[in-house]
Participant: 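Okay, handing you the structure first.
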2 protein chains.
Amino acid sequence: MSTIKDIAKLAGVSITTVSRVLNNHPYVKDEKRRKVLQVIEELNYQQNMNAIHLVKGKTFMVGVVLPYADHPYFQSIVGGIIKAATSSEIAVLLCPTNYSKIDEIKYLEMMKRKQIDGVIICSRANTWEVILPFAEYGSLVACELVEELPCAYTDHFDAFSSALNYLIKEGHKSIGYSVARENSNSSKARLSAYHDVLEKNNLPINESFIFPDSIDIDDGKRIVKELVQLKDRPTALLVNGDEVAAGILIQAKKEGLNVPADLSVIGFDNQPFSEALGLTTIDQHLNEIGKKAFDLFLHGGHQKVCVPFDLVIRNTVSKLQQ
Amino acid sequence: MSTIKDIAKLAGVSITTVSRVLNNHPYVKDEKRRKVLQVIEELNYQQNMNAIHLVKGKTFMVGVVLPYADHPYFQSIVGGIIKAATSSEIAVLLCPTNYSKIDEIKYLEMMKRKQIDGVIICSRANTWEVILPFAEYGSLVACELVEELPCAYTDHFDAFSSALNYLIKEGHKSIGYSVARENSNSSKARLSAYHDVLEKNNLPINESFIFPDSIDIDDGKRIVKELVQLKDRPTALLVNGDEVAAGILIQAKKEGLNVPADLSVIGFDNQPFSEALGLTTIDQHLNEIGKKAFDLFLHGGHQKVCVPFDLVIRNTVSKLQQ
DNA sequence: CTGAAAGCGCTTACAG
DNA sequence: CTGAAAGCGCTTACAG
């Protein structure tokens, strides 16, 4: 590969002038500019970005920290980020952690090491206490509500409450739900909404109706298998993701449970395939969350953007006799 | 941020020695090594990777070129790549092109500019003639069969033929199919398999049964809308992706077409949600293709890896009277 | 409008 | 075992 020096020599100018041409600076005599451009063309020259990154202390790249790059929930957020990034000059680096605290830190250290200018955290393994100090080294954005950081998020308490109220309105009194990681903030929000709404409606709280560690289709199947073992079963399930809900639909069929007659299901995320399943679900506009998160990364500032959600009613919730 | 110079000064050694400690070189007196390590700890030092990249001429990063980062087909390939990459020290940069030739070239130029060490091309907008010259600047891998490049691919002629033969065995004589981009290699392979298999079976070829530009759920819906307009309709559709197939299932229901009684459907990709849909589909093991492609990037060489496929039989194909 | 020179933060022969 | 120095390929005051 040729360098700026080669260009300078062949064009008969200094490297400063070449640099000026490369960066569209004014104050280069037209004749020299043309000559430089011509040599660049001839040598098929391209800048070495690593040198530029070193000098500028920036890479125009953002890391997106998430546990699983192959999960539709995160894919939707990433989709939004990419869409927003495409119109900027920022490249997107996927940073899958598998919820390993160590891997997560490694990505944060990439920022410290100037490999990426910032990090958007879709979901995290470490506590904020551990993560926040890295904010000093770059632009850190969260996809959940964090006091100290710019963030784009769903109000999970609110979303979960809405879904619960809808189920209650349809006559359900015995409602269970699933969560991914029991200690995540959104799971805590769901638990408190569960208590809050059920108590307000004088409905019994049954914590054996809570199914943790639910991430993918197989978890959905597992939930139904566990469910059929219970003598006292919920009539409705509020599921933390449409993929889990898909697993529930599959296994329910196998077990001879009719959805929604025997079991109502509300999903979360409104994935593209959910329409085909006729799944009633909460659309939290993950794409939008991704977009907003990217904007926050790009423009800095310390805003908190709460992205509204919608309940999308389809065919997996039945109306019960009052 | 502190630099190697600061460490050297405070530790009372040269920067050479600091570099040696950082890179686990032998030949550093234990006492000095300890001192350096201690100062590094104190200053909370991290290397500036851009300097290292500049010196080494490498970034340990691979770009993955694809049209849409939010499409399940590509997400599955990317999933495989990420899985393979996680156990190496290589980071994965997503390069969505939206099938813009210009954007695609931009990513190839990132390689030329030393921002990434290589590029895995999942699907491309430019001709190979345009792309191949970039192989000079880094490691280029394809996810389709290309003479000049290492590649991991599906034999689409073979896969498509298998599905056709299965449909014919089930008594179908009037078969249509969909493709994404009409001029892609896989579409051409499908067309020639269509001719080949149908002719061998003395079945009529009807090119109005070919539905191009089919990418997502909406395209699947569109296909059914077009289909119901035809007086002469195929009894079975071989669809180029499960997402399109999902759209077909949705719209068929709306139009009062029973699948599979009125219309049999075979998908492609075996996406996670396909099981929930009961969709018969061809699993081409996209994850595996991604993994192999990454291995080819990592280890160089010029292998061609043909990844085998499976026909996954579920409930969307009917048996017709002979 | 132009160029010499310092500097970005590292690695790596080379000499000792 | 150790360090001075050159070099990776750029940008950017500074002086003219």
Side-chain angles (χ1 to χ4, degrees), chain A residues 1-37 39-40 43-61 89 109-117 137-138, chain B residues 1-37 39-40 43-61 89 109-117 137-138:
Chain A
M1 284 292 299
S2 47
T3 71
I4 203 175
K5 261 191 203 161
D6 304 324
I7 308 294
K9 197 181 301 168
L10 281 166
V13 298
S14 71
I15 61 166
T16 309
T17 298
V18 177
S19 176
R20 286 203 181 95
V21 172
L22 251 15
N23 293 289
N24 288 314
H25 270 273
Y27 306 136
V28 179
K29 204 184 273 176
D30 248 25
E31 183 192 346
K32 295 201 175 189
R33 183 185 301 275
R34 261 197 300 275
K35 180 65 183 161
V36 168
L37 252 15
V39 175
I40 285 176
L43 293 198
N44 190 12
Y45 167 80
Q46 286 281 346
Q47 294 162 294
N48 181 322
M49 292 310 285
N50 295 134
I52 296 178
H53 294 161
L54 174 60
V55 172
K56 298 218 169 177
K58 274 190 180 191
T59 56
F60 309 95
M61 201 177 292
E89 289 294 88
E109 280 178 345
M110 282 180 74
M111 181 165 79
K112 194 166 166 189
R113 294 177 187 192
K114 303 281 186 187
Q115 265 191 284
I116 46 184
D117 298 342
Y137 306 111
Chain B
M1 284 292 299
S2 47
T3 71
I4 204 175
K5 262 192 204 159
D6 304 325
I7 308 295
K9 199 182 298 170
L10 282 166
V13 298
S14 71
I15 61 167
T16 309
T17 297
V18 177
S19 176
R20 288 205 180 91
V21 172
L22 250 15
N23 293 290
N24 289 314
H25 270 272
Y27 306 136
V28 180
K29 204 184 273 176
D30 247 26
E31 184 191 345
K32 294 201 174 187
R33 183 184 301 275
R34 261 196 300 275
K35 181 62 183 162
V36 168
L37 252 15
V39 175
I40 284 175
L43 292 199
N44 190 14
Y45 167 79
Q46 286 282 347
Q47 295 162 293
N48 180 322
M49 292 310 284
N50 294 134
I52 296 178
H53 293 161
L54 175 59
V55 172
K56 299 220 168 177
K58 274 191 184 193
T59 56
F60 308 94
M61 201 177 289
E89 290 294 271
E109 280 178 345
M110 283 181 73
M111 181 164 80
K112 193 167 168 186
R113 293 176 188 193
K114 303 279 185 189
Q115 264 191 286
I116 46 184
D117 298 343
Y137 307 111

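The chains referred to below are lettered A, B, ... by the order of the sequence lines, with proteins before strands, and numbering in each begins at 1.
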Participant: Counting only side-chain heavy atoms from C-beta out, which of C:dG3, D:dC1, D:dG9 sits nearest to B:Y27?
Facilitator: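 Of the options given, the side chain of B:Y27 lies nearest D:dC1.
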Participant: Can you tell me how far C1' of D:dC8 sits from NZ of A:K5, to the nearest Å?
Facilitator: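 In whole Å, D:dC8 C1' lies 9 Å from A:K5 NZ.
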Participant: Taking A:F60's backbone N and O only, do any of them form a donor-acceptor pair with A:D117's side chain (distance below 3.5 Å, no angle check)?
Facilitator: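 Yes; at least one donor-acceptor contact below 3.5 Å.
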Participant: Give, for atom CE of B:M49 and atom NZ of A:K112, the distance between the pair rounded to the nearest 0.5 Å.
Facilitator: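 The NZ atom of A:K112 is 14.0 Å from CE of B:M49, to the nearest 0.5 Å.
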Participant: Can you check the distance between C:dG9 and C:dA13, where both ends of the measurement are the P atom (answer in whole Å)?
Facilitator: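 Their P atoms lie roughly 23 Å apart.
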Participant: Assess whether side-chain hydrogen bond (donor to acceptor under 3.5 Å, both in side chains) is satisfied between B:R113 and A:Q46, documenting all intermediate values.
Facilitator: CA-CA 6 Å; B:R113 293 176 188 193; A:Q46 286 281 346; 2.5 Å; yes
Participant: Between atom NZ in B:K9 and atom P in C:dC10, what is the gap in whole Å?
Facilitator: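 In whole Å, C:dC10 P lies 14 Å from B:K9 NZ.
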Participant: Taking CD1 from B:I40 and C1' from C:dC10, how many angstroms apart are they, rounded to a whole number?
Facilitator: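 After rounding, the gap between these two atoms is 13 Å.
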Participant: Using whole Å, report how far CZ of B:R33 lies from P of D:dC1.
Facilitator: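 That distance rounds to 9 Å.
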Participant: Mind running side-chain contact (heavy atoms from CB on, under 4.5 Å) on A:Y45 and A:I4 for me, showing each step along the way?
Facilitator: CA-CA 8 Å; A:Y45 167 80; A:I4 203 175; 4.2 Å; yes
Participant: For nucleotides 11-16 of chain C, give me one character per nucleotide, 5' to 3': B if any protein heavy atom sits under 4.0 Å from the base, S if the only such contacts are to the sugar-phosphate, - if neither.
Facilitator: BBB---
Participant: What distance, rounded to whole Å, do you find between the two C1' atoms, one in D:dG16 and one in D:dT12?
Facilitator: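 It comes out at 16 Å once rounded to the nearest Å.
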Participant: CE/B:M111 to CD1/B:I116 distance, rounded to the nearest 0.5 angstrom?
Facilitator: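 Output value for this atom pair is 7.0 Å.
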Participant: Closest approach to the side chain of B:T17, judged atom by atom: which nucleotide of D:dG3, D:dC1, C:dC1 is it?
Facilitator: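 The listed nucleotide nearest to B:T17's side chain is D:dG3.
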Participant: In Å, rounded to the nearest 0.5 Å, how long is the span from OG of B:S19 to CD1 of B:I52?
Facilitator: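 Taking OG in B:S19 and CD1 in B:I52, the distance rounds to 8.0 Å.
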Participant: Could you tell me how far apart B:D6 (CG) and C:dC8 (P) are, to the nearest whole angstrom?
Facilitator: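 In whole Å, C:dC8 P and B:D6 CG are 10 Å from each other.
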Participant: Write down the distance between CD (B:Q115) and P (D:dG9), rounded to a whole number of angstrom.
Facilitator: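 Checked: the CD to P distance equals 16 Å.
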Participant: Using a cut-off of 4.0 Å on non-hydrogen atoms, how would the nucleic acid contact of A:K32 be classed: base, sugar-phosphate, or nothing?
Facilitator: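 Sugar-phosphate, backbone atoms only, no base.
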Participant: Enumerate, in order of first residue number, the stems that involve DNA chain C, defined as 3 or more consecutive Watson-Crick or G-U wobble pairs with both distances under 3.5 Å.
Facilitator: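 Consecutive-pair runs (3 or more) involving DNA chain C: C:1-3 with D:14-16, C:5-12 with D:5-12, C:14-16 with D:1-3.
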Participant: Between A:N23 (side chain) and A:R20 (backbone), is there a donor-acceptor pair under 3.5 Å?
Facilitator: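 Pair absent, no side-chain N/O of A:N23 close to backbone of A:R20.
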Participant: Counting just side-chain N and O atoms, does B:Y45 come under 4.0 Å of either OP1 or OP2 of C:dG9?
Facilitator: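 No, B:Y45 has no side-chain N/O under 4.0 Å of OP1/OP2 on C:dG9.
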Participant: B:H53 NE2 to C:dC8 C1': how many Å, rounded?
Facilitator: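 After rounding, the reported distance stands at 15 Å.
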Participant: Output, in order, the C-alpha distance, side-chain angles, deciding distance and verdict of side-chain hydrogen bond (donor to acceptor under 3.5 Å, both in side chains) for A:N50 and B:K56.
Facilitator: CA-CA 10 Å; A:N50 295 134; B:K56 299 220 168 177; over 6 Å; no
Participant: From CG of A:L54 over to C1' of C:dC10, roughly how many Å is that when rounded to an integer?
Facilitator: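 Nearest whole value for this atom pair: 8 Å.
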Participant: Quick check against the 3.5 Å criterion: does A:T59 have a side-chain atom that pairs as donor or acceptor with the backbone of A:Q115?
Facilitator: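 Side chain of A:T59 to backbone of A:Q115: a pair is present.
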